[in-house]
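Structure first, commentary second.
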Protein chains: 2
Amino acid sequence: MSANQEKEQPRRRQARGERRIAQLLEAAAVVFTSTGYTAASTNAIAREAGVSPGTLYQFFPNKEAIAIELGERLMREMREAYGEALAPVDPTTPLEEAVGAAVDRFIAFNCEHPVFFALMHGPDIPGRITEEHDALHATLLSRIEGLLSSFLPDAAPADLVRTAHMCLGLYKAGLELVLAHEGAERDAYVQELKHALTRYLDPLVATGSPWRSTP
Amino acid sequence: MSANQEKEQPRRRQARGERRIAQLLEAAAVVFTSTGYTAASTNAIAREAGVSPGTLYQFFPNKEAIAIELGERLMREMREAYGEALAPVDPTTPLEEAVGAAVDRFIAFNCEHPVFFALMHGPDIPGRITEEHDALHATLLSRIEGLLSSFLPDAAPADLVRTAHMCLGLYKAGLELVLAHEGAERDAYVQELKHALTRYLDPLVATGSPWRSTP
DNA sequence: CAAGAATGCGAGCGAAGACTCGCGTTTGTC
DNA sequence: GACAAACGCGAGTCTTCGCTCGCATTCTTG
């Protein structure tokens, strides 16, 4: 009880240390993005950051902790910036508008932080990160379900869940294509993704609720 | 000139050897499916097959060769069984029917050979397999383009390419969901995937050439 | 049945990479 | 200025894993 009140007593850091941590996380983001988590070596991260391996381990107990911290910071930033992107909306909102707004926000985030995609998509990623990923996944799904249920108040729960999974899956497929292109072509893929989602959902909305997707 | 007419002279094999090869490939499929290519150790494959590491290397020069051979056999089987699944069809065929048939065939293949998905999706996979993957990808894309152009004879090439990429992407997203479920739920996801694809393409087909003209 | 080839084994080699350790340098505090 | 704590280093340890080697066993062939 008295001992070990906290698993880890955060070591006292100097400003220099905080800077190093940020620098290391940025370097890790670069390396993870280009090679994936497993193939990324801690030495490579240290080299990218311009420090020695020993210095890296001064701030992170192991390789996994780097990815965890990176993931947590990304999650926090995402929640702060786009937390409301999937909040239930007024069902009179046109479906197209709701989908478009959500897609734009998440695409923007993922384009700004390509690590996020790399971290969340490796088939190789260790347990703790997978947990985070699953948590995010579950959050997103319930948000999407909430959004859908505002359009489809009468849908069976199982169908709602399945539709939400489909939406997230379609979004991920589109995201991959969007990230693989640049400039005008990228914008075109964003548009196609919106089309795919809108057209997928439109019939459900049209037949399942009194509100049409477009007034 | 006279020497080295063939890079590899296929060693004379006994029936036992052929059996071992099949056995090893099957074991590799299991291990690759559950852990992915990179994380799969050759010792684990040998263990799964019930042989020693030395025996494995009697038949395969290295780890990559195992995946290559496995990939080639899968490709061959796929071509033999489903080669015509994406052949251009009579444009009067209902879109729903064309999409449904193609999806059913490819879903069936991927459900029967889950390795295929695992091998083609690792971000970690070495050069030679990626080449094969890209080749398959290109083949599929041109097939889809062909199929689309039979429905959309007036579409601009760039739009056709993009739409084909979207179709393949949407299919892959659906496939992942299908593989993640079983029984009735799996069937439901197959249906949803067909819906997503059909609804995505339907407006294009219905309005003739939506990129250039409006009804 | 012999002889050679194919098959089978598993301890062990070499490289790669996660992580440590001892020691020197910088920074904050009194 | 003095002391401690935080920072920084990079050669070195330890483990994992792809792969090899020497030798035993089983086939095939004459």
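Computed from a prediction, not measured in an experiment: that's the story for all the values here. Throughout, a chain's letter reflects where its sequence line sits, starting with A, and its residues are numbered from 1.
- Closest contact between the side chain of A:Ser52 and the listed nucleotides D:dC19, C:dG8, D:dC9 involves D:dC9.
- Atom-to-atom, CD of B:Glu48 to C1' of D:dC17 comes out at 18 Å; the value is rounded to the nearest Å.
- Closest-nucleotide positions on DNA chain D for B:Arg16 and B:Asn43 were compared, and the one nearer the 5' end corresponds to B:Asn43.
- Remark: B:Glu176 does not engage B:Lys172 in a salt bridge, criterion side-chain N to carboxylate O under 4.0 Å.
- Here C:dA6 presents its P atom at 17 Å from CZ of B:Arg20, a figure rounded to the nearest Å.
- Minimum atom distance to the side chain of A:Arg12 is reached by C:dT29, of the listed D:dC7, D:dT20, C:dT29.
- We find that CD1 of B:Ile66 is positioned 15 Å from P of D:dC17, with the value rounded to whole Å.
- Taking atom CD of A:Glu64 as the reference point, atom C1' of C:dC19 lies 14 Å away to the nearest angstrom.
- A:Gly54 comes within contact range of at least one nucleobase, with a heavy-atom separation under 4.0 Å.
- B:Ala39 comes within contact range of no nucleotide atom at all, as no heavy-atom separation falls under 4.0 Å.
- A:Phe109 and A:Tyr82 have perpendicular rings, their planes meeting at more than 60° on a 0 to 90° scale where under 30° would count as parallel.
- The shortest distance between the side-chain N/O atoms of B:Tyr57 and the OP1/OP2 oxygens of D:dC19 is below 4.0 Å.
- Remark on DNA chain D: of its neighbouring residues B:Gln14 and B:Asn62, the 5'-side contact belongs to B:Asn62, judged by nearest-heavy-atom nucleotide.
- Under the 3.5 Å distance criterion, with hydrogens and angles disregarded, no donor-acceptor pair is assigned to the side chains of B:Tyr37 and B:Glu64.
- Here the P atom of nucleotide C:dA16 and the NZ atom of A:Lys63 are 16 Å apart, to the nearest Å.
- Salt bridge status for A:Arg73 with A:Glu69: present, with a side-chain N to carboxylate O gap under 4.0 Å.
- Distance B:Arg47 CZ to C:dG8 C1': 17 Å, rounded to the nearest Å.
- Put simply, CZ on B:Phe59 is 12 Å from C1' on C:dC9, counting in whole angstrom units.
- Between the CD atom of B:Gln58 and the C1' atom of C:dG10 there is a distance of 14 Å, rounded to whole Å.
- The side chain of A:Pro53 approaches C:dC19 more closely than any other nucleotide in the set C:dG17, C:dC19, D:dC7.
- A close approach under 4.0 Å does occur between a side-chain nitrogen or oxygen of B:Thr42 and OP1 or OP2 of D:dG18.
- A salt bridge does not link A:Asp202 with A:Arg199: none of the charged nitrogens is closer than 4.0 Å to a carboxylate oxygen.
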